[in-house]
Visitor: 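If you scroll down you'll find the structure; I have some questions about it.
The structure presented is a predicted model; accordingly, all values stated were derived computationally and were not measured.
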Amino acid sequence: MTEAAASARRAPLGDLLALTAHLVDIPSESHSEEAITDALEAELAAGAPWLTVDRVGSNLVARTELGRPHRLIVAGHTDTVPVNGNLPS
């Protein structure tokens, strides 16, 4: 586990503002998303035990295994633009 992933666990699980600020502060420029992916993977593993989390490189797929006939897909990206004097958040 990277330092970024470990420090993601320091924010109280219910404190979404603190968690968001922490995630924003993790460097994640294009082609360097490993640290943010580590932090997200750790957060999902610890805070959402009903999800199955699979990792492929710097990509995460989190899904339920509830056997329901319909699913919702939420897609996003973790890479960001280079820092421009705006860290920490």
Side-chain angles (χ1 to χ4, degrees):
M1 180 181 303
T2 66
E3 182 179 334
S7 63
R9 298 296 332 138
R10 292 184 199 134
L13 188 58
D15 190 346
L16 293 178
L17 182 60
L19 177 60
T20 301
H22 170 72
L23 292 173
V24 167
D25 288 342
I26 297 172
S28 59
E29 292 181 18
S30 296
H31 308 291
S32 299
E33 301 97 355
E34 294 80 16
I36 190 76
T37 305
D38 290 344
L40 290 169
E41 183 177 29
E43 188 66 31
L44 289 170
W50 58 90
L51 294 175
T52 299
V53 179
D54 297 310
R55 183 170 180 162
V56 180
S58 292
N59 300 293
L60 293 176
V61 176
R63 70 187 80 182
T64 61
E65 300 290 342
L66 302 175
R68 295 186 176 155
H70 300 284
R71 294 195 177 224
L72 172 68
I73 297 174
V74 178
H77 64 94
T78 56
D79 64 323
T80 59
V81 296
V83 174
N84 188 20
N86 54 352
L87 286 180
S89 61

Visitor: Measure the shortest side-chain to side-chain distance between T52 and D54 over non-hydrogen atoms and say whether it is less than 4.5 angstrom.
Guide: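 They are in contact (side-chain heavy atoms under 4.5 Å apart), so the answer is yes.
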Visitor: How many angstroms lie between CD1 in I36 and NE2 in H22, if you round to the nearest 0.5 Å?
Guide: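 It is 7.0 Å, given to the nearest 0.5 Å.
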Visitor: For R68, look at atom CZ and say whether over 12 heavy atoms of other residues, nucleotides or ligands are found less than 6.0 Å away.
Guide: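 12 or below, so no.
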Visitor: Identify whether L66 and V61 are in the same connected component of the hydrophobic contact network (ILVMFWY, side-chain heavy atoms under 4.5 Å).
Guide: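 No, it is not one cluster - the side chains of L66 and V61 are not joined through contacts under 4.5 Å.
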Visitor: Rounded to the nearest 0.5 Å, what separation is found between the OG atom of S32 and the CD1 atom of I26?
Guide: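 So the gap between those two atoms works out to 13.5 Å.
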Visitor: For the residue pair T78 and S28, confirm or rule out a side-chain donor-acceptor distance under 3.5 Å.
Guide: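 S28 and T78 do not have a side-chain donor-acceptor pair below 3.5 Å.
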Visitor: To the nearest 0.5 Å, tell me how far T80 OG1 sits from L23 CG.
Guide: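 Going from OG1 on T80 over to CG on L23, the span is 12.0 Å.
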Visitor: Would you name the heavy atoms of T37 and G57 that are closest together and state the gap between them?
Guide: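 Taking every non-hydrogen atom into account, CG2-O, 4.5 Å.
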Visitor: Hey, what do you get for CG (L51) to CZ (R63), rounding to the nearest 0.5 Å?
Guide: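 So the CG of L51 and the CZ of R63 are separated by 10.5 Å.
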Visitor: Measure the spacing between CG of L17 and CG of L19 and express it to the nearest 0.5 Å.
Guide: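 Nearest 0.5 Å value for the CG-CG distance: 9.5 Å.
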Visitor: Roughly how far, to the nearest 0.5 Å, is the OG1 atom of T64 from the CZ atom of R71?
Guide: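 One gets 4.5 Å once the value is rounded to the nearest 0.5 Å.
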Visitor: Is any side-chain heavy atom of R55 less than 4.5 Å from a side-chain heavy atom of D38?
Guide: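 In contact.
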Visitor: Compare every heavy atom of A35 with every heavy atom of P27, then report the nearest pair and how far apart it is.
Guide: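 Answer, listing the atom of P27 first, then A35: O-CB, 4.4 Å.
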Visitor: Quick one: does any side-chain atom of E33 pair with a main-chain N or O of H31 as donor and acceptor, under 3.5 Å?
Guide: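 Checked: pair present.
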